[in-house]
Amino acid sequence: MIDLVQLRREPDVVKAALARRGVSSAAVDEVIGLDVEHRRLLQESEAIRGEVKELSRQVGEARRSNDAGRAETLSATSRTRGDAERLAREATESVAAQLRERLLMMPNLPDPRVPEGRDENDNVEVRRWWPGMDGGEPFPEYADHQRVPHWESATALGILDMETGAKLSGSMFALYRGAGARLLRALSMFALDRHSDGYEEIRPPTLALTETMMSTGHLPKSADDMYAVERDDLWAIPTGEVPLTSLRRGEILSESELPFKLTAQTNCFRREAGSAGKDTRGVLRLHEFEKVELFAYCTPEQADEVHADILSRAEGLLRELGLPYRLLDLCTGDLGTASAYTVDLEVYSPGVDKWLEVSSVSWFRDFQARRANVRYRRADGSLALVHTLNGSGLGWSRVWAALIETYRQADGTIRLPAVLDPYFGGDATIR
RNA sequence: GGAGGGAUGACAGAGCGGCCGAAUGUACCGGUCUUGAAAACCGGCGUGGGCUUGCCCACCGUGGGUUCAAAUCCCACUCCCUCCGCCA
């Protein structure tokens, strides 16, 4: 949620920032108008409320001094004012509800460094890495046996069975078998092992309350992309970010515990309502996938450093796995609702000849903290909202595909990078 | 799923229609005393909102209701505890 106080103080700054994301000046004015109206009504109803309280106090006084007549008169006046108060309060609450609704739909202000753009095509590549790059080697050349899509090679090896996945749950649900399933488990273990220095490992529930989904900004705006368990009023989380952001919801943290860093491996559920037919072969886009998330609450001063740390951890994993990747600064048109600044990591996968998004490292400023009401007490005793950041480290289905394609040998076997050997009993080769 | 008990400030815990934003204790902050510390004593000490910055309003799990007036009475819900049932 954007800061209403800032909106009052510098409406033009807010308008200019939101205009970059396509929010019209009129929409912002509407919020401002509702805020003005809300405060006017609030003052009115609070003044009447004050009157009622004062009258009630006097009724009590009159009763105690056995002045029944006076008490009755005062009581009657208070009753009338009480009716007026009810009306004023209802009007106030109605405007407050409208204001809240508009505010919850409003996206975060993009950071100045976010490039201008309409959609994902305008994201700006900031860096590229591949094995041997530092030694001056060119971008890898791939052999024909690596140019095989994973849905062909993995299915042939019996480690991926999309057909049975569809039989169980419908299209875009994967079933991994044998070494394929083990590879997925290995990747989560590998990542969590790497993050264990500094990030507390969490195993959160994957069904969450509406309030929990509201805090990150996934609701109300993206309800169509979420799986709802309506009977119990729960939602399947689209990312570990959801439970982690609410871990300390409503709490006041001490400055000494910041940055407060967490990591969690969870399944992630996405309806992919708006992406019919796009990259749907194999495991490129699934309704359910596994991801290791990195998350932090921190002070505004710590935010840059934490963002860099999360990013470098995500990069580090890809380097250890020997997979080429690139970094993109998301443009204003592709930035997530809650984010102020996001860097995406895309891994190159030779079989499909595509760059695949495997991580999004985002800084939310106090947008989520305001919704989740997570604050910290500063050295001077004052309270301030924390900043939240998160990033995948990493989302596995696409990494899985890139590994299968990149490390496919001429004989059709897959010799996975040596860092995974320990998770395969010493030899990470899939035959 | 059934029966009972509970939810109050950082924590413990009183209050059970009006003088209660809330006793008391602990913790915390400042001061006195002390060579220093401790103890003792004195003072302070929740959050949010509004505006005429001094005041007003809201908040005692959540939502509704009764009343001139609700932490306090009534209803519903959520969560926690105990017991029973069921289950991995």
Item to check | Pair of N/O donor and acceptor under 3.5 Å linking B:G18 base with A:Arg63 side chain | outcome: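 Present.
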Euclidean distance for [atom1], [N] against [M] (whole angstrom):
| N | M | atom1 | value |
| --- | --- | --- | --- |
| B:U67 | B:C74 | C1' | 12 Å |
| B:G64 | B:A27 | C1' | 38 Å |
| B:A22 | B:A58 | C1' | 15 Å |
| B:U8 | B:A14 | C1' | 9 Å |
| B:G6 | B:C77 | C1' | 16 Å |
| B:C20 | B:G15 | P | 15 Å |

Would you mind pulling out the nucleotide paired to [N], Watson-Crick or G-U wobble, both distances under 3.5 Å?
| N | answer |
| --- | --- |
| B:G43 | B:C29 |
| B:A76 | B:U62 |
| B:A37 | none |
| B:A88 | none |
| B:A23 | none |

Checklist entry - For RNA chain B, what residues of residues 241-249 of chain A have any heavy atom nearer than 4.0 Å? => result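 Correct list: empty, so none.
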Between [X] ([atom1]) and [N] ([atom2]), how many Å, whole number?
| X | N | atom1 | atom2 | answer |
| --- | --- | --- | --- | --- |
| A:Asp67 | B:C68 | CG | P | 18 Å |
| A:Glu85 | B:C57 | CD | P | 11 Å |
| A:Glu72 | B:C68 | CD | P | 9 Å |
| A:Leu234 | B:U78 | CG | P | 12 Å |
| A:Glu251 | B:G9 | CD | C1' | 16 Å |

Item to check | Residue whose nearest RNA chain B nucleotide is more 5′ - A:Ser75 or A:Val5 | outcome: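 Comparing both residues, the 5'-ward one is A:Val5.
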Next on the checklist: Between A:Arg39 and A:Leu74, which residue's closest nucleotide on RNA chain B lies nearer the 5′ terminus?
Outcome noted: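 Upstream on the strand: A:Arg39.
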Compute whether any side-chain donor of one residue and acceptor of the other, for [X] and [Y], lie under 3.5 angstrom apart.
| X | Y | result |
| --- | --- | --- |
| A:Tyr325 | A:Arg319 | yes |
| A:Thr429 | A:Asp427 | yes |
| A:Ser256 | A:Ser254 | yes |

Item to check | Over all atoms of both residues, closest heavy-atom pair of A:Ala402 and A:Thr406 | outcome: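 The answer is O-OG1, 2.6 Å.
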Just call it for [X]: base, sugar-phosphate, or nothing, with non-hydrogen atoms closer than 4.0 Å on any strand.
| X | value |
| --- | --- |
| A:Leu383 | sugar-phosphate |
| A:Leu55 | nothing |
| A:Arg377 | sugar-phosphate |
| A:Gly82 | nothing |
| A:Arg89 | nothing |

Next on the checklist: Tell me whether the rings of A:Tyr227 and A:Phe269 are parallel (<30°), tilted (30 to 60°) or perpendicular (>60°).
Outcome noted: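 Perpendicular.
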Sort me out a list of protein N/O and nucleotides 58-64 of chain B N/O pairs below 3.5 Å, or just none if empty.
from, atom 1, to, atom 2, distance (Å)
B:A58, OP1, A:Arg49, NE, 2.5
B:A58, OP1, A:Arg49, NH2, 3.2
B:A58, OP2, A:Lys53, NZ, 2.9

Checklist entry - B:U47, B:C68, B:G50: which one has an atom nearest the side-chain heavy atoms of A:Gln43? => result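 The answer is B:G50.
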Checklist entry - To the nearest 0.5 Å, how far apart are CD in A:Glu241 and CG in A:Leu389? => result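 Rounded to the nearest 0.5 Å, the CD-CG separation comes to 10.5 Å.
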Checklist entry - Under 6.0 Å from the CZ atom of A:Arg8, do we count more than 12 heavy atoms belonging to anything else shown? => result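 More than 12 heavy atoms, drawn from other residues, nucleotides or ligands, come within 6.0 Å of this atom.
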